[in-house]
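Order of the sequence lines fixes the chain letters, A, B, ..., with proteins taken first and strands second; residue numbering starts at 1 for each chain. Everything quoted here is computed from the prediction, not taken from an experiment. Note: hydrogens, waters and symmetry copies are ignored here, and every other heavy atom, side chains too, is used.
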Protein chains: 2
Amino acid sequence: MLRVITKELTPMSDEKTEYTISDLAKEFEITSRSIRHYEDEKLITPTRRGVHRIYSARDRVRLQLILRGKRLGFSLAEIKEIIDLYGVEGEQRQTERLLELINVRRESLKQQLKDIKYLLNEFDVLEEKLTSEHQAK
Amino acid sequence: MLRVITKELTPMSDEKTEYTISDLAKEFEITSRSIRHYEDEKLITPTRRGVHRIYSARDRVRLQLILRGKRLGFSLAEIKEIIDLYGVEGEQRQTERLLELINVRRESLKQQLKDIKYLLNEFDVLEEKLTSEHQAK
DNA sequence: TTCGAAGTTTACGTTTGCGTAAAGGTAAGC
DNA sequence: GCTTACCTTTACGCAAACGTAAACTTCGAA
């Protein structure tokens with residue numbers, strides 16, 4: 001039987017405001033261990049209710065960012081650097097560093113874009129070749 | 001002073017036909033160690049002239065494939081599986097397995113495509129915000 | 001033929017990103 | 001107040017992808 005989280009503070013609210021670690025683990029299909037690991041690496045810092053971790057909507061977004069970064073092949077350290085800079089507002093040196101990082105990333109992402117388009121096309125061609133050949137038997 | 005490889009066998013040929021390990025290392029900006037590692041993992045098998053490795057144009061292409069795979073976040077084992085299947089012609093079971101793999105990859109690649117487009121857009125927005133804010137000072 | 005740059009094998013070391021117990025604490029529902 | 005699902009910390013383990021050092025060998029140029 002499923003345990004009910006914590007009674008909604010805003011009873012008829014549309015958007016959840018709090019999540020347990022396993023809520024997020026299930027939603028994003030990862031393990032709780034991974035989420036705790038991201039915390040160890042200072043990528044996310046949920047609040048605590050006693051000893052238990054409580055994740056806000058903002059925390060959830062951060063987790064999404066982390067996973068997106070991972071899918072793109074960034075290391076946790078790189079993701080942390082970007083996310084951290086992301087939050088800083090108006091500090092000049094930080095801003096320039098972030099712009100610098102963005103442009104490096106942009107080049108790398110554009111290359112990946114090319115790679116992916118190339119591969120998807122290769123796959124299309126190959127699949128057609130294979131299936132027609134398959135039919136021919 | 002740079003050492004000259006082996007005298008071109010086809011003197012006025014347009015395309016090189018042979019490469020040393022450091023030729024490829026330089027061209028693709030990786031270490032020789034990495035290339036040897038790919039060989040250890042059976043991803044590439046250059047011929048030998050005595051004890052030295054000699055890479056053909058085909059080997060060079062394989063290396064390109066490996067690096068492209070890496071940029072897309074595939075493991076060497078995955079890259080090997082794809083490359084290996086790639087070469088097989090006409091064998092039914094292999095063909096079906098390859099189609100299966102392709103379709104799994106395709107989904108993952110499409111997700112990455114989304115991620116990249118999303119991020120590139122985010123970067124554009126963020127850069128604009130940062131530079132305008134920067135100007136405003 | 002001697003030198004030096006580049007190549008070779010062998011093998012242990014390192015980082016990253018979690019997996020996986022172990023050993024227990026907490027709270028909702030009966 | 002007891003059960004039970006879920007949470008916690010601590011810590012060792014492990015595979016992947018090379019780095020790096022050691023100790024040669026090879027070969028083209030001088």
task = Compare side-chain N and O positions of B:Arg53 against OP1 and OP2 of C:dG7 and report whether any pair is under 4.0 Å apart.
result = no
task = Provide, to the nearest angstrom, the distance between the CD1 atom belonging to A:Ile21 and the P atom belonging to C:dT26.
result = 17 Å
task = Identify, with sequence neighbours excluded, every residue that meets side-chain hydrogen bond (donor to acceptor under 3.5 Å, both in side chains) alongside A:Ser22.
result = A:Thr20
Within 45° cone and under 6.0 Å: A:Arg68 NZ/CZ vs B:Tyr118 ring = yes
task = Calculate the interatomic distance between A:Glu39 atom CD and D:dT10 atom C1'; express it in whole Å.
result = 15 Å
Contacts of type salt bridge (Lys or Arg N to Asp or Glu O under 4.0 Å), residue B:Lys70, not counting sequence neighbours = none
request  = Please report, rounded to the nearest Å, how far the C1' atom of D:dT8 is from the CG atom of A:Asp40.
outcome  = 12 Å
Kindly give the atom pairs (protein nitrogen or oxygen, nucleotide nitrogen or oxygen) under 3.5 Å for nucleotides 21-24 of chain D.
none

key: Residues forming a salt bridge (Lys or Arg N to Asp or Glu O under 4.0 Å) with B:Asp115, sequence neighbours excluded   = A:Arg71
ask   = In whole angstrom, what separates A:Arg36's CZ from D:dC7's P?
value = 8 Å
task = Using salt bridge (Lys or Arg N to Asp or Glu O under 4.0 Å) as the criterion, list what pairs up with A:Glu122, not counting sequence neighbours.
result = none
note = Atom CZ of B:Arg48 and atom C1' of D:dT26 are separated, to the nearest Å, by 13 Å
task = Measure the distance from OH on B:Tyr55 to C1' on C:dG7 and round it to the nearest whole Å.
result = 11 Å
remark   = Given protein heavy atoms under 4.0 Å, the one-letter contact record of nucleotides 12-25 of chain C, with B base, S sugar-phosphate only and - none, is simply -----BBBB-----
Which nucleotides of DNA chain D pair, in dot-bracket form (Watson-Crick or G-U under 3.5 Å, | meaning another strand) = ||||||||||||||||||||||||||||||
inquiry  = Expressed as a whole number of angstroms, how long is the span from B:Arg49:CZ to D:dC27:P?
reply    = 10 Å
key: Distance, rounded to the nearest Å, where A:Asp23 contributes CG and D:dA5 contributes P   = 17 Å
query = Quick one: is B:Thr20 getting a side-chain N or O under 4.0 Å of the C:dG7 phosphate, OP1 or OP2?
reply = yes
inquiry  = Would you compute the distance between atom CD1 of B:Ile54 and atom NE2 of B:His52 and round it to the nearest 0.5 angstrom?
reply    = 8.5 Å
query = side-chain hydrogen bond (donor to acceptor under 3.5 Å, both in side chains) with A:Gln64: which residues, sequence neighbours excluded?
reply = none
query = How would you list, by chain and number, every residue that makes a side-chain hydrogen bond (donor to acceptor under 3.5 Å, both in side chains) with B:Arg106, sequence neighbours excluded?
reply = A:Asp124, A:Glu127, B:Asn103
inquiry  = Checking A:Arg62 now: which residues fulfil salt bridge (Lys or Arg N to Asp or Glu O under 4.0 Å) with it, not counting sequence neighbours?
reply    = none
note = side-chain hydrogen bond (donor to acceptor under 3.5 Å, both in side chains) filter on A:Ser56, not counting sequence neighbours, yields A:Asp59
Going by atom type alone, with no hydrogens or angles, which donor-acceptor pairs under 3.5 Å involve a side-chain atom of residues 33-41 of chain B and a protein atom two or more places apart or on another chain?
| from | atom 1 | to | atom 2 | distance (Å) |
| --- | --- | --- | --- | --- |
| B:Ser34 | OG | B:Thr31 | OG1 | 3.1 |
| B:Glu39 | OE1 | B:Arg53 | NE | 2.6 |
| B:Glu39 | OE2 | B:Arg48 | NH2 | 3.2 |

